[in-house]
A.B. asks: 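Just passing along the structure, written as structure tokens.
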Amino acid sequence: MASENESMENTKQPFLSLYSNYLRNRIHAFSVSQFFSKFTLPFRSTQRPHSFPLPLPSNSLDSSLVVSKPSSVHCVLQDILQHVFADLHSIQKNLHFWHFRAEGSDARKAYFMVFERGPRAFIDETAKFLLPGGPAEGYSMKNLYQSASDYINERVTVLNCLRCSLATFLAQLYMEIDKIGADLVTDPESKLPSLLVTINELFSALEASIGHLHAIRQSDSSVDGSYSIPLLFEKLPEINQEGSQWTDCEIKDAISSVYQNLNKLDSYISVLVTKHKKPRKITQYWIRYTCGAVGLSACSVWLLRHSSLTGSSDLDNWVQEAKDSTVGFFKDHVEQPLLSIRDELFETFRKRHQGIMDHEEVQLTSESLHRMLLAFSEQTKGQKLPENASDHEMLEIVMDRYEKELAHPIQNLLSGELARALLIQVQKLKLDTETAMLELNQILRANEINFAILAALPAFFLSLLLMMFVRAWFKQDTKAEGRGRIARIQRRLLVVEVEKRVMQYQDYIEQGLEKDAQCMFGLVLYSLDRLYHSVKRHAEASGEWQCLRQDIIDLARPGLQTAYKLTVTSRMERVYDCLLPSLKRR
């Protein structure tokens, strides 16, 4: 019995070992993949429909799997890129405004300080000039120019520092992803621990680069309010960095810290950008809006005086006149011309028989003249003429006889053929008149539609202008995603911006300026992200998206030669329809 039990235990042992290995592999797969996917879902922000692609190998056999079923690791990386791109975009918009102001003349800067910062700044700057004996006594235009330069330069400095730090963080992360791109395609979960450690180190470097901005505020700073608290990112706990040693709780804590750091970064950037942002449109043009409000108020008071509320019927009369004029214009230039065109089109077929009767009347007159000429010619010649003799030949006989009869008009008028020849000429004149009237009637009927169209032209042009205005209002072609000429120019300028920054990146590499090169590469990625989202819809419509997308991805690869990238940008401007100038498209 003991030997049988031992043999049964020896037989079960391979099966138990096989089953335990199977369970261990299933649990490991669940803990790394499904658990990670379910955990990251609450932390993931709402993504744009089309995120900028990660630098994964395009020639991999598993690349199609990455596109169709992206790993949760890829989603986390895309979330990080999305947050950084969004922060860079908010910084770039405001920095572009302050750069434009910094390049202006001193007079333009002074005008901005006085008139484009709101009514409070206008009163403060005016008081410095007008109030005698005040704290700003001796305040001159030179002081105003210096104050404007300091005001603008302070914002440019802070925003430039933010942009450079974020661009460096973006470039370092993108290069790190590019290094392990093949592993992220084949087995992304195995690279998760080391990738999280790298991301934690990058967050620490970013904290060191921009976390001090709250403390560099000068005593006479023009920024309103106090700065935000220091930027302090969450740190990973001291754990073993080997992938096999990481537990589910450690993965959970690491991913949680990544998303917490992203939220802290967004909040910190939002506060700093808000304090250094460009003035709103209503602040910049407050004088225009004020004048418009005053004019509108005066107009309202004037209308109130002529309204029925004050016992006046002027406003009601004007409204009635405007209504009658509008209705009259509609009837004269829209309704009546359209009805005339409709009636003329149908009247041409309904009254076609009337034109035939008119032609028959002319035909009767022509036949009567032919018989009169034939009888006169036969009597004059004294012989029978053929029935098909032409009226022209017989008219020549009449005119010859008429000339002879005119030699003795009185005698021939009473006893000759002069009266008969005159009657024949009257019949010929009647025939010519009826023929001319028939042709004129046909011409007028043919142009009735043209006259009706001419009457409708004012309403047509007015409607066309209205449609163009509505189309321009809804289309909003000022951004690069639009369809108009301005949007096309913006897309081409993005390509030029990418080309310039690629060349600048190469110059920094050759000079050995590693930090500046990383910052410039991050700005290249930002420009490519903007280009990616601005051309996608247009390239898909024209069937060019696959090739254009691959070119944009190639421009973002750190390892490609600069000469090849410049060749790609040149080809993009020449080949793709969504990037061609408007004149070349025609």
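Computed over heavy atoms, backbone and side chain alike; hydrogens, waters and symmetry mates excluded. All residue numbers in this chain count up from 1 along the given sequence.
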A.B. asks: Strictly by modelled atom types, are Thr168 and Gln172 linked by a side-chain donor-acceptor pair under 3.5 Å?
C.D. replies: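 The answer is no; no qualifying pair exists.
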A.B. asks: Is the shortest side-chain N to carboxylate O distance from Lys235 to Glu201 below 4.0 Å?
C.D. replies: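 Salt bridge: no.
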A.B. asks: Between the side chains of Gln78 and Gln82, does any donor sit under 3.5 Å from an acceptor?
C.D. replies: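 There is no such pair between these side chains.
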A.B. asks: Mind jotting down which residue pairs meet the ring-ring contact (aromatic ring centres under 6.0 Å, His included) criterion with at least one end in residues 549-574? Sequence neighbours excluded, please.
C.D. replies: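 Those involving residues 549-574 do not exist here.
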A.B. asks: Please tell me if the side chains of Leu173 and Ile177 come closer than 4.5 Å, counting only heavy atoms from C-beta onward.
C.D. replies: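 Yes; the side chains approach each other to less than 4.5 Å.
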A.B. asks: Please identify each residue that fulfils salt bridge (charged side-chain N to carboxylate O under 4.0 Å, His left out) with Arg530, with sequence neighbours left out.
C.D. replies: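 So Arg530 forms no salt bridge (charged side-chain N to carboxylate O under 4.0 Å, His left out) with any residue.
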A.B. asks: Testing the basics here: between Phe85 and Leu525, what is the closest heavy-atom pair and its distance to 0.1 Å?
C.D. replies: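 Of all heavy-atom pairs spanning Phe85 and Leu525, the closest is CE2-O, 3.6 Å.
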A.B. asks: Using modelled atom types and a 3.5 Å cut-off, is there a donor and acceptor pairing between side-chain atoms of Ser165 and backbone atoms of Leu162?
C.D. replies: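 No: the side chain of Ser165 does not pair with the backbone of Leu162.
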A.B. asks: Taking the side chain from Asp551 and the backbone from Val568, do they hold a donor-acceptor pair closer than 3.5 Å?
C.D. replies: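 Here the side-chain-to-backbone pair does not exist.
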A.B. asks: Taking atom types as modelled and ignoring hydrogens, do the side chains of His538 and Arg491 form a donor-acceptor contact shorter than 3.5 angstrom?
C.D. replies: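 Yes, Arg491 and His538 have a side-chain donor paired with an acceptor closer than 3.5 Å.
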A.B. asks: Before accepting this row, confirm whether a basic side-chain N of the pair Lys536/Glu544 lies closer than 4.0 Å to the acidic partner's carboxylate O.
C.D. replies: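 Salt bridge between Lys536 and Glu544, a charged N being under 4.0 Å from a carboxylate O: no.
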A.B. asks: Does either side chain, that of Glu234 or that of Ser257, offer a donor lying less than 3.5 Å from an acceptor on the other one?
C.D. replies: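 There is no such pair (donor and acceptor under 3.5 Å, judged by atom type) between the side chains of Glu234 and Ser257.
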A.B. asks: If you look at every heavy atom in Ala148 and Met113, which pair is closest and at what distance?
C.D. replies: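 Looks like CB-CG, 3.2 Å.
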A.B. asks: Is there side-chain contact between Tyr576 and Ser542, with at least one heavy-atom pair below 4.5 Å?
C.D. replies: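 Contact flag for Tyr576/Ser542 side chains = no.
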A.B. asks: Distance-only, no hydrogens or angles: does the Arg492 side chain make a donor-acceptor pair with backbone N or O of Leu579 under 3.5 Å?
C.D. replies: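 Present.
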A.B. asks: With sequence neighbours excluded, tell me which residues meet ring pair (Phe, Tyr, Trp, His ring centres under 6.0 Å) with Phe122.
C.D. replies: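 Residues passing ring pair (Phe, Tyr, Trp, His ring centres under 6.0 Å) with Phe122: Phe115, Trp286.
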A.B. asks: Does a donor on one side chain sit under 3.5 Å from an acceptor on the other, for Asp554 and Gln550?
C.D. replies: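 Present: a donor and an acceptor within the cut-off.
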A.B. asks: How many angstroms lie between CG in Asp577 and CG in Leu548, if you round to the nearest 0.5 Å?
C.D. replies: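 CG of Leu548 is found 11.0 Å from CG of Asp577.
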A.B. asks: Among Leu166, Leu262, Asn261, which residue satisfies the side-chain contact (heavy atoms from CB on, under 4.5 Å) criterion with His83?
C.D. replies: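 Among Leu166, Leu262, Asn261, the one meeting side-chain contact (heavy atoms from CB on, under 4.5 Å) with His83 is Leu262.
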A.B. asks: Crowded around Phe100 CZ? As in, over 12 foreign heavy atoms under 6.0 Å?
C.D. replies: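 No, CZ of Phe100 has 12 or fewer neighbouring heavy atoms, counting only those of other groups under 6.0 Å.
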A.B. asks: Within this structure, what is the CE-OG1 distance for the pair Met503 and Thr569, rounded to the nearest 0.5 Å?
C.D. replies: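 Nearest 0.5 Å value for the CE-OG1 distance: 9.0 Å.
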A.B. asks: For Thr283 versus Arg117, what's the shortest heavy-atom pair and its separation?
C.D. replies: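 Reported closest heavy-atom pair: CG2-C, 3.5 Å.
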A.B. asks: Using the side chain to side chain donor-acceptor pair (under 3.5 Å) rule, pick out the option among Lys500, Arg501, Glu499 that qualifies with Ser527.
C.D. replies: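 Going through Lys500, Arg501, Glu499 one by one, the side chain to side chain donor-acceptor pair (under 3.5 Å) with Ser527 is satisfied by Arg501 alone.
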A.B. asks: Parallel under 30°, tilted from 30 to 60°, perpendicular over 60°: which one fits the rings of Phe52 and Tyr174?
C.D. replies: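 If you compare the ring of Phe52 with that of Tyr174, the planes turn out tilted.
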A.B. asks: Under the 3.5 angstrom rule, does the side chain of Arg163 hit a backbone N or O of Gln92 as a donor-acceptor pair?
C.D. replies: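 Side chain of Arg163 to backbone of Gln92: no pair is present.
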A.B. asks: Using every non-hydrogen atom in the two residues, find where Leu144 and Glu125 come nearest and quote the distance to one decimal.
C.D. replies: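 Residues Leu144 and Glu125, closest heavy atoms: CD1-OE1, 3.4 Å.
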A.B. asks: Would you mind checking if Glu116 and Arg108 are paired as a salt bridge, meaning a charged N to carboxylate O distance below 4.0 Å?
C.D. replies: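 Here Arg108 pairs with Glu116 in a salt bridge, since their nearest N and O are under 4.0 Å apart.
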A.B. asks: Do the rings of Tyr151 and Trp98 sit parallel, tilted or perpendicular, given the 30° and 60° boundaries?
C.D. replies: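 Aromatic pair Tyr151/Trp98 classed perpendicular.
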A.B. asks: Is there a donor-acceptor contact under 3.5 Å from the side chain of Lys565 to the main chain of Arg557?
C.D. replies: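 Checking the backbone N and O of Arg557 against the side chain of Lys565, a donor-acceptor pair under 3.5 Å is found.
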A.B. asks: Which atom pair, heavy atoms only, marks the closest approach of Ala517 to Tyr505?
C.D. replies: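 Answer, listing the atom of Ala517 first, then Tyr505: O-CD1, 3.1 Å.
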